[in-house]
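To start, the structure under review is shown below, and the notes come after it.
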Amino acid sequence: MPAKNKELASIFTQIADAIELKGETGFKVLAYRRAARALVDSAEDVVNLDKESRLESITGIGSGIARKIHEYLATGRMKKHQEAISGLPEGLFAMLELQGLGPRTVRLLYEKLKVNNLEDLKRTIADGSAASLPGMGVRKVSTILKSIQLSEKSGKRMFLNEAAELAESVIHRLKNDPNISNITAAGSLRRGKETVGDIDILTTGKNPKEIVKNFTSHPSVRQILAAGTTKASVLFETRTGLRQVDLRIIDASSYGAALQYFTGSKGHNIALRSLAQKKGLKISEYGVFRGKKRVAGKTEKAVYTCVNLPYIEPELREDRGEIEAAAKGKLPRLVELKNIKSDLHMHTRQSDGKNSVEEMVAACQKLHYTHIAITEHSVSAGYAGGLTADELMRHCDRVDRFNAHSKGFKILKATEVDITTSGKLDYPDKILARLDLVVASIHQGFKKNVTERVCAALKNPLVHIIAHPTGRLIGKREGYDIDLDKVIETAARFRKILEINAYYGRLDLNDIWARKAKQANVKLSINTDAHAVKNLDWMKYGILVARRAWLTRNDVINCLSTSKLLKFLKTGI
DNA sequence: GCCGTTTTCGGCCCGACTGTTTTCAGTCG
């Protein structure tokens, strides 16, 4: 995300929090929050939008907020922001982060007890003064205390793989409950978002009370946050801390509406409901209603049909133009895992992988791939057992021998060659020329002219793919300081391919940039970067990113047959 | 503050759970 987008989004979020703390309710608050999210979701740099006076082309940004953005970019300050936060101790904003503690309560604590921060809050809870406030009580205060303890103990958002595994384990256990007929995960996990905050599980069945009891008595449940007759929320103990899992129990006649609703995103649902409203319909998790009459609800498709839209895939539901595209019949037919014929970035024991070439080949044949690329590290990646030029040539000889005897499966002669700090590639051209596929990437000098180095690699006729183009590690490391717009432009000009690295900790390019690449007519390659056989199934996470980026099978070179891929690599066509 | 198939005003998604209350406000998703 462009740096200023992020900066401005947090400013607008803080304005929303601040005016809410000061007693503002309703739609102004909502408008600031919506603007913040719009900035986060936008692939366009707010700096450019402002320069070209196109800020208001983003839904959720009107003249008022556009003016404030311009003021901030021009002067480094925003009067409205200063005004909003003036007189409010900084600690109040941290208190708002706590589950179960909202603006009204924070304000009450601040005004009546001079609670300025988390420390004050703990003190007033301990001495009983918080519980004696009007509208407060012992139980409410104990909920807040638990929430403080939780926030000190729990990690940030989950990686996609952890979320998928947690959901799978909860669903696996509940499937044995004879009361349950349908069960599935919804929420951001179903949309394939790169990180997941909590898990939403949706069920239909009889005896909701029994289902809730079964759910809340799971051995890994450490705390029950809420348990009613239609929903329950609990905290699960996992290897990365406590994680919230929500369960909803829905009547079968509402299953589709509920699935639609609980899949989100929030922005998508608001847009959909507004559309329904204009048609005199009301959409809730129970169905689509005209007056009191339910006109749909059993399936998701029927919900969309009611507002004259085709079914919209969950990965597209981010309020990024999917509703407009659906209305025009211009939704893409998204790439699927079953379209994938190859994995073009993986390592074996020859460099820093765990398995042999033969083991990787056998595993990929099981996945019904028709070809793969073994891409060992290059010579200067000493830490990763990079191959010398001689070693790489001997590897190529072995691959040639393998291919000579192989039917219906081919290994591409390839490398993951380092782009060195000087901007050169780590092997001479005459070595690279013998290869079918050259994947180039940065593993050193993250702060040294990264854009220039990557663009120089893109201009080299022997290079095909740039792997993990930003180098980000989710939650651990921001990407390199790289100008992706320029990289995409250069890739388009020289007909080069950008990678979606499917490792759940990278997912690089992300959905927004991969979509931008597609719009610039750049092809993408989804690869696992597997260092072991078991990593090969990360492909599914890369597919989710690709689908969130609106990619079809035509945008992804892993969907090409062996001969078509080889031709494409040689000719760019 | 944003937005427009009711377009420059008057709407803005909808419902469950909890706690403190005795009909509802606050919070969450």
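Computed from a predicted structure; not experimentally measured. As a basis for the values below, the full set of heavy atoms in this structure was taken, side chains included, without hydrogen atoms, waters or symmetry mates. First the proteins, then the strands, lettered A, B, ... as listed; each starts at 1.
- We find that CZ of A:Phe27 is positioned 12 Å from C1' of B:dC14, with the value rounded to whole Å.
- Cation-pi geometry between A:Lys301 and A:Tyr311 is not satisfied (NZ or CZ under 6.0 Å from the ring centre, within 45° of the ring normal).
- Nearest nucleotide to the A:Ser274 side chain, out of B:dG1, B:dG29, B:dC13: B:dC13.
- One atom, CG of A:Leu101, and another, P of B:dG19, lie 15 Å apart when rounded to the nearest Å.
- Taking atom CD1 on A:Ile58 and atom C1' on B:dG1, their separation rounds to 16 Å, with Å as the unit.
- Residue A:Leu96 is classed as having no contact, given no heavy-atom separation below 4.0 Å to the nucleic acid.
- Counting only distance, with no hydrogens or angles, the side chain of A:Thr204 and the backbone of A:Asn182 share a donor-acceptor pair below 3.5 Å.
- In this structure, the nucleotide among B:dG1, B:dC2, B:dG15 sitting nearest to the side chain of A:Ser63 is B:dC2.
- Protein atom CG of A:Asp319 is 13 Å distant from nucleotide atom C1' of B:dC13, rounded to whole Å.
- Of the candidate nucleotides B:dG1, B:dC14, B:dG19, B:dG19 has the atom lying nearest to any side-chain atom of A:Lys140.
- Applying the 4.0 Å criterion to OP1 and OP2 of B:dG11, one finds that A:Gln277 has every side-chain N and O outside that range.
- For the OP1/OP2 pair of B:dC14 and a distance below 4.0 Å, the side-chain nitrogens and oxygens of A:Arg273 include no atom meeting the criterion.
- Relative ring orientation between A:Trp538 and A:Tyr503 is described as tilted, the plane-to-plane angle lying within the 30° to 60° band.
- Among the heavy atoms of the strands, none lies under 4.0 Å from A:Val141.
- In this structure the side chain of A:His70 never reaches within 4.5 angstrom of the side chain of A:Lys51, judged on heavy atoms.
- Residue A:Leu225 contributes atom CG, which lies 21 Å from atom P of B:dG26 at whole-angstrom precision.
- Checking B:dT8 for Watson-Crick or G-U wobble geometry (two distances, each under 3.5 Å) identifies no partner in any strand.
- Nearest to the side chain of A:Ala226, among B:dC28, B:dG1, B:dT18, sits B:dT18.
- Using a 4.0 Å heavy-atom criterion, one finds that A:Leu272 contacts no nucleic acid atom at all.
- What separates CD of A:Glu24 from C1' of B:dC12 is a distance of 14 Å, to the nearest Å.
- Between A:Thr230 and B:dC17, a side-chain N or O to OP1/OP2 separation shorter than 4.0 Å is present.
- Across all strands shown, A:Ser233 has no heavy atoms under 4.0 Å from either base or sugar-phosphate atoms.
- Backbone-only contact: A:Lys282 has heavy atoms under 4.0 Å from sugar-phosphate atoms and none from a base.
- Considering only the side chain of A:Lys231, B:dC17 comes nearest among B:dG19, B:dC17, B:dC2.
- At whole-Å resolution of the value, CD1 in A:Ile323 and C1' in B:dG4 are 16 Å apart.
- Between A:Gly60 and A:Gly135, it is A:Gly60 whose nearest contact on DNA chain B lies nearer the 5' terminus.
- Counting non-hydrogen atoms under 4.0 angstrom, A:Pro103 reaches the backbone sugars and phosphates but no base.
- At the heavy-atom level, A:Thr229 lies under 4.0 Å from the strands shown only through sugar-phosphate atoms.
- Below 30°, between 30° and 60°, or above 60°: for A:Tyr541 and A:Tyr504 the angle between ring planes is above 60°, a perpendicular geometry.
- Across B:dG1, B:dT27, B:dA16, the shortest atom-to-atom separation from the side chain of A:Tyr286 is found for B:dA16.
- Residue A:Arg104 has its side chain nearest to B:dG26 when only B:dG19, B:dT18, B:dG26 are considered.
- Close to B:dG4, at under 4.0 Å from its OP1 or OP2, lies no side-chain N or O of A:Lys278.
- Comparing B:dG1, B:dG29, B:dC14 against the side chain of A:Gln244 picks out B:dG29 as the nearest.
- Ranked by how close their nearest DNA chain B nucleotide is to the 5' end, A:Ile65 and A:Glu97 are led by A:Ile65.
- Between the side chain of A:Asp177 and the main chain of A:Leu174, no donor-acceptor pair closer than 3.5 Å is present.
- When distances are taken from the side chain of A:Asp246 to each of B:dC14, B:dG29, B:dG19, the shortest belongs to B:dG29.
- In terms of phosphate contacts, A:Thr105 brings a side-chain nitrogen or oxygen within less than 4.0 Å of OP1 or OP2 of B:dT27.
- Residue A:Glu318 forms a salt bridge (Lys or Arg N to Asp or Glu O under 4.0 Å) with just one option from A:Lys266, A:Arg515, A:Arg191, A:Arg547, and that option is A:Arg191.
- Considering only side-chain N and O atoms, A:Tyr261 lies nowhere under 4.0 angstrom from the phosphate OP1 or OP2 of B:dC13.
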